[in-house]
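Here the structure is laid out as structure tokens; the discussion comes afterwards.
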Amino acid sequence: MSSKIFRAIWIAAIAVFLASLIFLLGISYNYFSGLQMNQLRNQTALAAQGVSLSGADYFENLNTENYRMTWISGNGSVLYDNEAKAAQMENHLEREEVREAMADGYGEAVRYSSTLADKQLYAAERLPDGSVLRLSVNQAAAWTLLLGFAQPICIVIMIALVLSLVLASRLAKRLVKPINEIDPEKPEQYYGNEEYKEVEPLLRHISAQQKQLKRDQKQIEKNALIRQEFTANVSHELKTPLQSISGYAELIKSGMVQSEDIKPFASKIHSESLRLMQLVEDIIDLTKLDNGGTEMVWEACDLHRIAENAADSLEAAASAVNVSVRVEGTATHLRAVPKLLYSIVYNLCDNAIKYNRNGGSVVVGVRQSGHQAILTVKDTGIGIPQEERDRIFERFYRVDKSRSKAVGGTGLGLSIVKHAVMIHGGRIELQSVKGYGTEFTVTLPDAPKAA
Ligand code: ADP
């Protein structure tokens with residue numbers, strides 16, 4: 001960056017210098033040309049007066065080194081010329097300055113020499129007798145003058161080049177130094193500092209990005225920890241049913257089991273493998289939800305219908321433990337992922353049945369409130385102690401582990417519910433009285449942002 005700034009400053013300085021030089025030379029050349037013309041005009045006026053007073057005598061003893069002086073008669077023939085023989089000179093009537101002087105009393109002209117290396121300034125004045133006196137002076141052309149000055153100009157340019165080189169390099173270093181000295185870890189310390197005024201928006205940007213990075217880093221670390229814990233828990237949860245399956249199978253294999261015990265042993269193996277399957281299914285569901293539900297299809301659904309379907313599929317499980325399930329409410333439409341809505345109702349109902357009492361009931365309510373769909377699942381079960389209400393949504397957390405296992409729980413149901421509600425931009429709350437029952441309330445917006 002420093003070399004880029006240096007180059008820019010240097011090029012700009014040189015360009016400005018050269019432009020100024022050309023401009024100044026042009027102005028001076030014009031000024032001196034004007035001055036020379038003025039002088040020539042005055043000299044011509046003076047000489048004209050002299051000639052009109054003294055006639056040809058005026059030219060005697062005249063020192064006209066700097067000027068060429070020509071006296072032309074009224075018919076254009078040259079009467080006198082201080083540099084050539086008058087008699088041999090051609091008629092001057094057609095010369096521009098002579099023509100003008102004849103017509104208006106005074107005339108001027110500028111003519112370049114054939115080589116264009118110099119030019120001739122002419123001033124002519126008409127005398128009272130009708131003749132014309134003309135004075136001319138030689139002037140170097142602009143570029144000839146420039147050529148003459150080539151050496152000093154080159155020296156000046158060289159000095160300017162070196163000077164601007166040194167200055168540009170110093171300036172570039174001075175500009176870049178404070179930027180190089182910035183501590184990217186603490187950009188805030190430069191706020192309000194005069195030296196960093198121009199880069200303050202950049203510093204603020206860096207600071208904001210750093211904060212974001214730190215937040216992201218924390219989130220990544222947190223996620224890694226959760227994943228680690230989850231993997232450890234999953235391994236543990238898988239190991240227990242597998243151990244008992246393998247234990248029962250081994251006993252049967254060894255032939256030590258009485259024939260009447262084989263059936264209950266096989267049914268143990270069966271129930272443990274069902275638990276394993278449920279666990280694996282829940283883990284798959286959670287993993288999908290962890291990916292943000294990206295492959296899920298959003299569509300218009302009726303939450304009431306979904307609730308009825310979920311209740312129907314739990315009918316057998318409910319009657320097995322003598323619990324009644326009822327769905328109330330009316331059709332409630334919303335844009336959602338139907339599979340996830342089903343999973344929400346199913347898991348909440350499943351819990352309401354599992355943690356109920358014999359002869360208890362479950363009431364599922366679905367209603368629309370403004371733009372929101374509201375689902376309630378109320379049971380007459382064992383209730384959830386106040387201090388456990390936040391933790392039950394954690395993965396593998398159970399209030400009573402042995403009861404959960406006895407009813408085939410995996411400890412993942414409410415985590416799946418919470419995740420699915422979050423993907424819909426909704427919220428989940430619960431009210432519970434220990435020993436009397438629990439009511440979960442899920443509120444879902446009609447058009448979640450994620451849609
Ligand atoms: P589980 O598979 O063990 O049911 P969940 O994540 O679904 O796992 O629930 C976590 C824990 O919350 C359960 O083990 C249970 O202790 C408690 N719980 C969930 N729903 C209810 C309910 N309706 N009534 C009483 N306790 C409940």
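Here the structure is a predicted model, which is why all the values come from computation and not from measurement. Indexing begins at 1, ligand by ligand and atom by atom, following the structure's order.
- Across all non-hydrogen atoms, the minimal contact from P187 to Q210 is CD-OE1, 3.5 Å.
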List ligand 1's nitrogen or oxygen atoms that come under 3.5 Å of a protein nitrogen or oxygen, with the partner atom and distance.
unit_1, atom_1, unit_2, atom_2, d
ligand 1, 2 (O), T410, N, 2.7
ligand 1, 2 (O), G411, N, 2.8
ligand 1, 3 (O), Y355, OH, 3.1
ligand 1, 3 (O), S404, OG, 2.7
ligand 1, 3 (O), G411, N, 3.4
ligand 1, 4 (O), N351, OD1, 3.1
ligand 1, 4 (O), K354, NZ, 3.3
ligand 1, 4 (O), Y355, OH, 2.7
ligand 1, 6 (O), G413, N, 3.3
ligand 1, 6 (O), L414, N, 2.8
ligand 1, 7 (O), N351, OD1, 3.2
ligand 1, 7 (O), N351, ND2, 2.8
ligand 1, 7 (O), L414, N, 3.2
ligand 1, 8 (O), G411, N, 3.3
ligand 1, 14 (O), Y355, OH, 3.2
ligand 1, 16 (O), V399, N, 3.0
ligand 1, 20 (N), N351, ND2, 3.3
ligand 1, 23 (N), D379, OD2, 2.9

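- For K354, the salt bridge (Lys or Arg N to Asp or Glu O under 4.0 Å) partners are D350, not counting sequence neighbours.
- In the model, S33 has a side-chain atom that pairs as donor or acceptor with a side-chain atom of Q139 under 3.5 Å.
- In terms of the salt bridge (Lys or Arg N to Asp or Glu O under 4.0 Å) criterion, residue partners of E328 (sequence neighbours excluded) are, by chain and number, R326.
- For residues 176-186, the set of pairs meeting the side chain to side chain donor-acceptor pair (under 3.5 Å) definition, not counting sequence neighbours, is empty.
- Between E125 and A45, the shortest heavy-atom contact is OE1-CA, 3.5 Å.
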